[in-house]
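Worksheet for the structure shown next.
Owing to the predicted nature of the structure, the values given are computational and were not obtained by experimental measurement. So that the names make sense, note that chain A is the first sequence line, chain B the second, and so on, each numbered from 1.
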Amino acid sequence: MATTVTPHRFTVRTFQQLDDVGLLDQDERFELLDEAIVHLTPPPYLGAVNRRAQCGATALAGHAPGAIQHSVDLGLRPAVQPESAPLAWRDDSGSAMPTSEDVLLLSEIADTSPRHACVRTGRIDARAAILDAWVADLNNGQRVVHREPTPPGYRAVHIYRRGETVTPLAFPVEAIVGPAEEAR
Amino acid sequence: MTLAPQRAATRPRRFTVAEYHWMGRVGILRPEERTELLDGVIVEMTPIGGAHAATVKRANHFFSRRVPESIIVSVRDPIRVDEMSEPQPDLALLRPRDDFYARATPTASDVLLLVEVAFHSLDYDLGPKAEAYAKAGVPDYWVADVDSGRLFVHREPTPTGYRAVQIYRRGETVTPLAFPDLAVPVEAIVGSPSAEPESAGS
């Protein structure tokens with residue numbers, strides 16, 4: 001007989017309550033994913049995140065206030081912390097958690113389980129209607145670009161290989177696949 | 001224990017008993033939500049169906065009349081197993097205490113015998129739950145499997161699990177470690193076949 005044990009479901013509100021009292025402010029970082037509070041996949045690829053942040057900051061300078069590992073409230077599957085999410089400018093920037101409408105480009109890094117990250121990105125981000133979602137696959141040195149979100153998933157998924165360039169939908173800059181996909 | 005597949009690659013944030021209680025006080029866990037904490041994971045308890053409830057009642061009825069008067073029978077009340085677990089086992093026989101544990105939640109060392117009724121939850125009761133109880137040193141842990149009429153008796157707890165698990169069937173008797181003079185017929189816990197209701201939903 002199949003057994004299903006249901007872990008308690010957390011909401012954005014309870015996640016923030018826990019964060020407010022410091023329960024999520026420890027040595028590790030956490031995100032709310034699929035109504036569970038989980039550890040952010042930790043640092044084998046920290047170098048890649050930092051390098052990407054650097055490249056990103058330079059490339060996108062003047063185009064968007066970048067948010068690196070900042071919580072994004074995606075509505076239905078909320079408070080995902082993508083590795084990097086350049087946000088649309090808002091006057092009250094900082095007073096509220098960014099939502100999917102503020103996200104111009106959402107990018108994540110997958111090291112050990114690129115398939116997991118793609119499935120997750122494909123499902124969650126499409127339902128939240130993120131227009132441009134990238135997953136850097138460190139294992140294979142490629143970048144998976146998800147576009148045209150529909151409720152069940154992205155209609156357009158393209159894989160770019162090392163050396164190719166991708167242009168974010170929201171910025172007129174060319175991003176070269178490679179540097180961000182290096183694991184170290 | 002099965003979890004949604006997309007969660008397979010993630011590691012949940014584990015909470016301590018103190019953090020879990022705090023969540024109850026500030027309303028993050030609402031009173032109407034029935035939860036238990038097992039190895040740092042907050043788990044929602046499934047609503048109890050008729051067959052499950054009847055099994056707990058039957059076991060309660062049996063033990064209450066046979067163990068010494070001073071023994072405290074705890075039914076679906078919290079046991080603070082250790083820092084990371086506070087489950088609400090279906091039935092526990094506890095060491096006597098004048099205040100009936102008003103001032104402190106019972107811990108693993110207060111438990112003489114612990115019984116869980118598995119109704120659609122056998123994998124969980126034999127898996128993560130057994131691990132948590134063994135780690136905490138619960139000496140005698142029984143799982144009554146309503147579906148098959150079997151009783152799984154776990155003994156010799158070690159930090160990694162119980163060393164001895166024995167399966168008893170109807171017609172056999174089990175003697176609790178703490179009460180060597182008491183022979184418990186398996187039927188006294190799991191019931192006789194005729195008493196089993198069709199398939200009362202859980």
**Message:** Are there over 12 heavy-atom neighbours, none belonging to Glu156(B), within less than 6.0 Å of that residue's CD?
**Reply:** yes
**Fill in**
salt bridge (charged side-chain N to carboxylate O under 4.0 Å, His left out) filter on Asp99(B), not counting sequence neighbours, yields Arg97(B), Arg103(B)
**Item:** Residues, nucleotides or ligands: over 12 heavy atoms within 6.0 Å of Arg14(B) CZ
**Value:** yes
**Asked** Got a sec, which residues hit salt bridge (charged side-chain N to carboxylate O under 4.0 Å, His left out) with Arg13(A), two or more places apart in sequence or on another chain?
**Response** none
**Item:** Heavy-atom pair with the smallest gap, counting every atom of Thr35(B) and His8(A)
**Value:** CG2-ND1, 4.2 Å
**Asked** From Phe15(B) CZ over to Ile37(A) CD1, what is the distance, rounded to the nearest 0.5 angstrom?
**Response** 4.0 Å
**Prompt:** Where on Met45(B) is there a heavy atom nearer than 4.5 Å to chain A: the side chain, the backbone, both, or neither?
**Reply:** neither
**Item:** Met23(B) vs Phe10(A) side-chain heavy atoms within contact, under 4.5 Å
**Value:** yes
